[in-house]
Amino acid sequence: MQNSIQYWVIVPAAGVGKRMGQQCPKQYLQLGQYTILEHTLRRLLKFPLFTKIIVALADDDPYAEQLSIFDEPNIIKVVGGKERADSVLAGLNKLQTQASENDWVLVHDVVRPCIRHSDLQQLITTLSDHPVGGILGVPVVDTIKRTSEQGVIKQTVDRHLLWRAFTPQMFRFQLLFDSLQQALASDAKDITDEASAIEHAGFQPLMVEGAEDNIKITRPADLALAAFYLQQQGIPCE
Ligand SMILES: Nc1ccn([C@@H]2O[C@H](COP(=O)(O)OP(=O)(O)OP(=O)(O)O)[C@@H](O)[C@H]2O)c(=O)n1
Ligand SMILES: C[C@](O)(CO)[C@H](O)COP(=O)(O)O
């Protein structure tokens, strides 16, 4: 009997959070009762389809060992890398002995704690028969400008069909593994998400519109916004 397709999750969580400017990496900042990392992992653990969640941590991360969530049997830790793509590749390397080539891998930033189960289901359902895979995102609604290094506006970018790429980004294991390895080996610039590695390999992922509140906590102002969104979703964050 053909083995059923499995859904694996890789959570890049090895960043230092320079743009947040805090004493600890931003994923360990507290939002109410839990750290941002715990909010995200708790949400992913509760989604019934996921087989295992591979979390890529910095090799000198002193925080994770203090969190009981890492005692969860469905969470596996790996050591991340210098860039986000290296951390994702570390997760894929861990999956080599467990994932089948056509299993789905969803890569989700640990600093996107507001991810909705409805968006996870929408992504999985929409892509179930898709030949490449795809990502969650939202359309750009502001006018977009390109400037010089000095902030002088040089161009108004046509925002028609422009999207903000979010995560999860969902691709079949072998395609993602091969594409990411090839992109990194070719020293491709700006592989800032999985889709760019897939595009670099010549494939065309699908954009799946998701919820606006699935923000990436990056700069100080994002903390209050994430707390508001979690509160709106019924997660107290006073
Ligand atoms: N070497 C890295 C760099 C980033 N990430 C993860 O990739 C996600 C998105 O990256 P970003 O928001 O840029 O996080 P940081 O790199 O920590 O932020 P900064 O660029 O401000 O330092 C985060 O969950 C981060 O932990 C990672 O796993 N490994
Ligand atoms: C993957 C991502 O969140 C999609 O928007 C984004 O590319 C991460 O970029 P960062 O610079 O590593 O935060």
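Worth saying up front: this structure is predicted, and the values here are computed from it rather than measured. For ligands, and for the atoms within them, numbers begin at 1 and follow the listed sequence.
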So, 4.0 Å and heavy atoms of Arg112: is ligand 1 close enough to count as a contact?
no

Residue-ligand contact Gly80/ligand 1, heavy atom below 4.0 Å:
no

Option whose closest heavy atom lies nearest to atom 1 (C) of ligand 2, chosen from Arg84, Lys216, Arg164:
Arg84

Name the closest protein heavy atom to [atom], giving the residue it belongs to and the distance to 0.1 Å.
atom: atom 29 (N) of ligand 1; answer: Ser87 OG, 2.8 Å
atom: atom 24 (O) of ligand 1; answer: Pro12 O, 2.8 Å
atom: atom 5 (O) of ligand 2; answer: Ala165 O, 2.6 Å
atom: atom 3 (O) of ligand 2; answer: Asp109 OD2, 2.6 Å
atom: atom 5 (N) of ligand 1; answer: Gly15 N, 3.6 Å
atom: atom 10 (P) of ligand 2; answer: Arg19 NH2, 3.8 Å

If you measure from the Lys or Arg side-chain nitrogens to the Asp or Glu carboxylate oxygens, is any gap between Arg164 and Glu212 under 4.0 Å?
yes

Below a 4.0 angstrom heavy-atom separation, can you tell me which part of Glu83, side chain or backbone, both or neither, approaches ligand 1?
backbone

Taking 4.0 Å as the limit for heavy-atom contacts, which would you say applies to Ala13 with ligand 1: side chain only, backbone only, both, or neither?
backbone

Is any N or O atom of Thr192, backbone or side chain, closer than 3.5 Å to an N or O atom of ligand 2?
yes

Ligand 2 and Gln169, any nitrogen or oxygen pair closer than 3.5 angstrom?
no

If we ignore angles and hydrogens, is there a donor and acceptor under 3.5 Å between the side chains of Gln122 and Asp119?
no

Need the ligand 1 atom indices (1-based, order shown) with element for anything under 4.0 Å from a heavy-atom of Gly81.
1 (N), 2 (C)

Should you measure from each heavy atom of Lys82, which atoms of ligand 1 turn up under 4.0 Å away?
1 (N)

Does ligand 1 come near enough to Lys18 that some N or O of the ligand is less than 3.5 Å from an N or O of the residue?
yes

Would one find an N or O of Asp109, backbone or side chain, under 3.5 Å from an N or O of ligand 1?
no

Using non-hydrogen atoms of the residue, decide whether Arg112 is closer than 4.0 angstrom to ligand 2.
yes

